[in-house]
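I have placed the structure first, in the form of structure tokens, so that the comments after it can refer back to it.
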Amino acid sequence: VIAVVTFPGSNDDRDAVAAFESLGVEAVLVWHADEQLPDVRAVVLPGGFSYGDYLRCGAIARFAPVMRAVKSFAADGGLVLGICNGFQVLCEAGLLPGALRPNASLSFVCRDVGLVVERADTPFTARCATHQRLVIPVKHGEGCYIPPDGLPPEQVVLRYAPGENPNGAVDDIAGVVSESGNVMGLMPHPEHAVDPLIGSTDGALLLGSLVDAVRSHAEHLRQLGALADSRS
Amino acid sequence: VRVGRIVDIELEAKDADAARTEVGRMCEQLLANPLIESFEIELHE
């Protein structure tokens, strides 16, 4: 089971749930005021405009009661994926390095962009090949990623394809993982790219990777359980 | 220099140093993102 957090102002939470269900995994919505997470294997912070994005995008959401639970879930090695506003929340919460500033164009951007997979050995990209090119839509006003000084290049998982950077992000960075590799944030919206009817299905490669990771974890637990049963 | 925002805060503190410390803490934790923004504090009694 995967949890998707709903903040006041989230608007891609249901799309994320629908996308995971289309990939054959159960997803549940978790309210921002909940202090605990249900028993889940992964948490997704969806896109939208949490708390109106006042002050800075994600700056207020990081104080939501559920974020304390998300932080301890991540600290225990749980898989956390932040999409767009969720990426901004994770940066503000200190779970991911860097920050997101207003687009270089100062305009909202909403279109398909080409991406290049830099790392295919993460739980979020395992269904992709290294240097594979994906097409996934972006829609944001503040997606200009600014890495901290000395961000290790191995933490960069996705880049915008050459010439396709929609927001002025430094080094064309579109998605990063935490140092420990179990938290990822990206500006493009994989949950909007899972159905051929509305264009690309490349988003399913990213979300499907997370589904695989959740399933293999469940299988791992089942084997441990079977082992314990056979011993007793 | 780009001024992103000016925030007026009224608060009671036992002296100017205490007020500056408290507002500095607010800036670091919420009002500014130190990674991409800097801030200055001006006190008026």
Side-chain angles (χ1 to χ4, degrees), chain A residues 7 50-65 67-68 71 82 85-106 140-152 155-156 167-171 173 176 178-179 183 185 187, chain B:
Chain A
F7 297 102
S50 56
Y51 299 91
D53 275 344
Y54 287 107
L55 200 60
R56 289 182 309 281
C57 298
I60 301 175
R62 83 166 163 105
F63 292 102
M67 285 307 293
R68 192 175 304 208
K71 273 188 181 177
N85 192 224
F87 185 15
Q88 295 162 339
V89 175
L90 290 172
C91 285
E92 286 284 341
L95 289 173
L96 286 175
L100 292 140
R101 293 187 49 182
N103 297 345
S105 64
L106 300 181
H140 57 249
E142 308 203 3
C144 176
Y145 182 72
I146 310 288
D149 287 339
L151 176 73
Q155 283 182 242
V156 177
N167 52 37
V170 173
D171 294 336
I173 296 173
V176 295
S178 62
E179 203 179 340
V183 180
M187 287 314 295
Chain B
V1 175
R2 191 181 73 91
V3 177
R5 65 178 71 82
I6 296 171
V7 182
D8 290 324
I9 297 173
E10 287 185 26
L11 79 168
E12 287 189 17
K14 72 177 191 315
D15 56 41
D17 272 354
R20 190 173 284 278
T21 305
E22 183 158 358
V23 173
R25 214 167 51 83
M26 291 181 194
C27 290
E28 278 168 19
Q29 294 190 359
L30 175 66
L31 297 176
N33 183 338
L35 199 65
I36 47 170
E37 297 169 323
S38 57
F39 58 86
E40 283 176 23
I41 300 169
E42 257 180 54
L43 287 181
H44 304 276
E45 284 195 46

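Convention: sequence-line order gives letters A, B, ...; per-chain numbering from 1. The figures that follow rest on heavy atoms only: side chains count, while hydrogens, waters and symmetry mates do not.
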Which atoms of L35(B) approach chain A - backbone, side chain, both or neither, heavy atom under 4.5 Å: side chain
Greater than 12 external heavy atoms within 6.0 Å of I6(B)'s CD1: no
Does the side chain of E37(B) come within less than 4.5 Å of R101(A)'s, by heavy atoms? no
How long is the straight-line distance from CG of L30(B) back to CD of E92(A), given to the nearest 0.5 Å? 8.5 Å
Greater than 12 external heavy atoms within 6.0 Å of F63(A)'s CZ: yes
Taking every non-hydrogen pair under 4.5 Å, which of L31(B), N33(B), I36(B) racks up the most with chain A? N33(B)
